[in-house]
Visitor: 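There's a structure below that I have some questions on.
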Amino acid sequence: MQQPAKDRLRIVAVWLCRLIVGFTFIISGWAKAIDPWGFLIKTGEYLQVWGLNLPRELVLTGCVSLACVEFCTGVLIATGSLKRLAVWVAAAMMSVMLPLTLYIAVESPVSDCGCFGDFLIISNTATFIKNVVLSALIVYLIIAGRKVKGIYAAPIQWLQIVVTVAFPMILAFVGYNIQPLVDFRPYKLGTNLFGDAGESSTEVYIYRKGGVEKEFTLDELPDDSWEFVDMKSVGDETNGGFEVRDDSGLEMNDELSDMDGQVLYLIVSDPDVQFLSRVHLTNMLYRRAESQDVTMIGIAGATGSTLERWISIAKPLFPVYSAAPTALKQLVRGDAALVYTDGGEIKWKRTLSSMNADFGDGEWASDSLENIRPVDDGRYHLILLSIYLASMIVIYLLSLSPKILRLFVGIPKKIRNFAHSKNEHNTITLYHTMRKNIVAGNWKMNTTVPEGVALAKEVNEALKGFKANCDVIICVPFTHLCPVAAEIDANVLGLGAENCADHTSGAYTGEISAPMVASTGAKYVILGHSERRQYYGETSETLREKVALALANGLTPIFCIGEVLAEREDGTYNEVVKRQVEEGLFNLSAEDFGKIILAYEPVWAIGTGKTATAEQAQDMHAHIRAVIAEKYGKEVADNCSILYGGSCKPSNAAELFAKPDVDGGLIGGAALKCADFMGIVKAF
Ligand code: 13P
């Protein structure tokens, strides 16, 4: 069916917003995950400004989790998966980030917000404007995004999430324990550690006044009301070097940059937090370097008593100099890390702790330091990224095959049910869900008796060779009930009528009563189908009679409700369906109501090929359950099977049935072909 231009425009607008919001979150989460140390340092700056002193492990866990959630939310939004949840998670994040970035834009407590790590540094004002735009797009997605289908089918979305969370977690794990897999900082592999000879670096002095830190150059130092905090060297693009001094304060840069051959630098950017358990390894490493004619030099981000204390504990056999901690943290990530240079050129970098394996097996002394492979040259990142993207493509391709998709249907539901059943056994609770999954066929006015009997036999045979995960029922014309009942196995296939009279017996020419239906062996009866309401004037009043007679004769009513197109379009559908349930059924006792099967059939979806989306069905089913709960309580509502009907077919059944409140389907056209009907049965 051709979509109206307005709908097409909305779909394009939603996808555009999804891509903009999604990719902003993806890049932001990725940049944080790839360099957890950078994110940790930036978060430390914020915490310092607010005077908070939290354990490092807690902050790190928070940083990595936030990066993963941000990345995953971005991917879900960009692909239209978990439409509602993903957008609400993004909205929740924005409700924190928007005021925070406004505060940062106004007060400038930190030099840059760190949204995209070192990958992309934007001003605090630009960050705030970016967040205002994102918030507006997120609000639009909340309003208009629900009805626009995503790329991945619902039953397989959880697999997409697992893979999507794994990717940033691996990035963060390697980034924290070894080095970021991509290095966006000035001291990349291949650059010269102390810059080109003769090229001088610029010193920047950091001063604080009233909680605000500011940077000054030597010519513009502030007055005495400012308190000195730190000094750092700022190099050019490729790295202009940073100042290294010995214990007497003498600058060592020239001497170090003149050094030929290979040098292994141990960088301890913050000796205060350096793990003492690894300190002894530094001298083992020194011996290893010495045996390979590699010079080892330590550079610590401290001076005075802090440095002396570290030296007295580590007792290094190699010289240790000092430099500004900020520059060292830029050079290499980790409390204690190694930088290996050859002729001044950086060959590899990694944390000291990641060298442990080399110490453990005793072979370290013979392994060449020169041959250690850098992880931050982008290769490993490319491999991981390719694996991630390939997995996402495979998951998408899998979801195109209804057969494979069926394997994934209901897995989260099954896990929930399993957890629930465990809970039931472990705790004393009266709550017990009896609700069944059901696929029922409504043949309407189709097939002659021989054709109908043949079809019923075919379905019966198909079910015998297969263990269905749901109850299967066929509702057939009155003329077919007896012959079909004689041919099918009632344990495998349930039988029902499509209607019954609102009287038990008497002068009602042409009518078939509930006791007559029951006498054929049928156990079910469809009541209140929209075609009967529409063409035969059935009202709630007659339906109440029919329901009562069906129940009195041991038949289970499959009671249909649903709105017409105009009611869907004018937004009154929830009230319409509520009224149908209330007027048709709420005269029943809770016990009798418990015997009813409900079927939500939006009239605009019946026989039109236009199915309600799985979300629309879920919303309505949840609404119906809430209406029942209000009248009869949660237990009755939870135990009621609510089926969906309206252009349900093998290709869309899996997605519909995966919804937590959709307990099966009432099938029209697709019930007239055994293969199609069985395709729907197998969706469970
Ligand atoms: P279709 O599956 O043909 O749309 O019919 C649905 C229906 O009315 C079932 O009762």
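Keep in mind that this is a model prediction, so the values were computed, not measured. First listed ligand is number 1; within each ligand, the first listed atom is number 1.
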Visitor: Will you find, in the side chains of E498 and Y524, an N or O donor that is under 3.5 Å from an N or O acceptor?
Guide: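 Their side chains do not contain a donor-acceptor pair, so the 3.5 Å distance test is not met.
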
Visitor: N442 heavy atoms, cut-off 4.0 Å: which ligand 1 atoms fall inside?
Guide: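 Those qualifying, in numeric order: 9 (C), 10 (O).
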
Visitor: So if I apply the side-chain contact (heavy atoms from CB on, under 4.5 Å) rule between V681 and each of V439, D676, D471, which one comes out positive?
Guide: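 Exactly one candidate clears the test, V439.
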
Visitor: Tell me which protein heavy atom sits closest to atom 10 (O) of ligand 1, plus the residue, atom name and distance to 0.1 Å.
Guide: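 Atom 10 (O) of ligand 1 sits closest to the protein heavy atom E601 OE2, 2.7 Å.
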
Visitor: Quick one: which ligand 1 atoms are inside 4.0 Å of a heavy atom on A605?
Guide: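 Near A605, the atoms of ligand 1 are 4 (O).
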
Visitor: Under 3.5 Å between some N or O of ligand 1 and some N or O of H529?
Guide: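 Looking only at distances, the answer is yes, because the N/O contact criterion of under 3.5 Å is met.
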
Visitor: Is the distance from the ring center of F25 to that of F71 below 6.0 Å?
Guide: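 No, the ring centres sit 6.0 Å or more apart.
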
Visitor: Among all the protein's non-hydrogen atoms, which is closest to atom 2 (O) of ligand 1, and how far away is it?
Guide: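 Result for atom 2 (O) of ligand 1: G668 N, 3.0 Å.
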
Visitor: State yes or no: are the ring centers of F657 and Y644 separated by less than 6.0 Å?
Guide: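 No.
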
Visitor: Is there a polar contact, in the sense of an N or O pair closer than 3.5 Å, between S647 and ligand 1?
Guide: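 Looking only at distances, the answer is yes, because the N/O contact criterion of under 3.5 Å is met.
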
Visitor: What do you reckon, does K649 put a non-hydrogen atom under 4.0 Å from ligand 1?
Guide: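 Per 4.0 Å heavy-atom rule, K649 does not contact ligand 1.
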
Visitor: Hey, are E70 and S28 close enough side-chain-wise for a donor-acceptor pair under 3.5 Å?
Guide: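 Judged by distance alone, the side chains do pair up.
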
Visitor: If we only count N/O pairs under 3.5 Å, is I667 in contact with ligand 1?
Guide: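 Such a contact does not occur with ligand 1.
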
Visitor: Which atoms of ligand 1 have any heavy atom of G669 under 4.0 Å away?
Guide: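 Near G669, the atoms of ligand 1 are 1 (P), 2 (O), 3 (O).
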
Visitor: Within a distance under 4.0 Å of any heavy atom of G646, pick out the atoms of ligand 1 and give their elements.
Guide: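 Within the 4.0 Å cut-off of G646, ligand 1 contributes 4 (O), 6 (C).
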
Visitor: Decide yes or no on salt bridge (Lys or Arg N to Asp or Glu O under 4.0 Å) for R146 and E615, but give the supporting numbers first.
Guide: CA-CA 8 Å; R146 276 174 54 187; E615 285 73 24; over 6 Å; no

Visitor: Parallel, tilted or perpendicular: which fits the ring planes of F167 and Y388, with parallel below 30° and perpendicular above 60°?
Guide: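 Ring orientation of F167 relative to Y388: parallel.
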
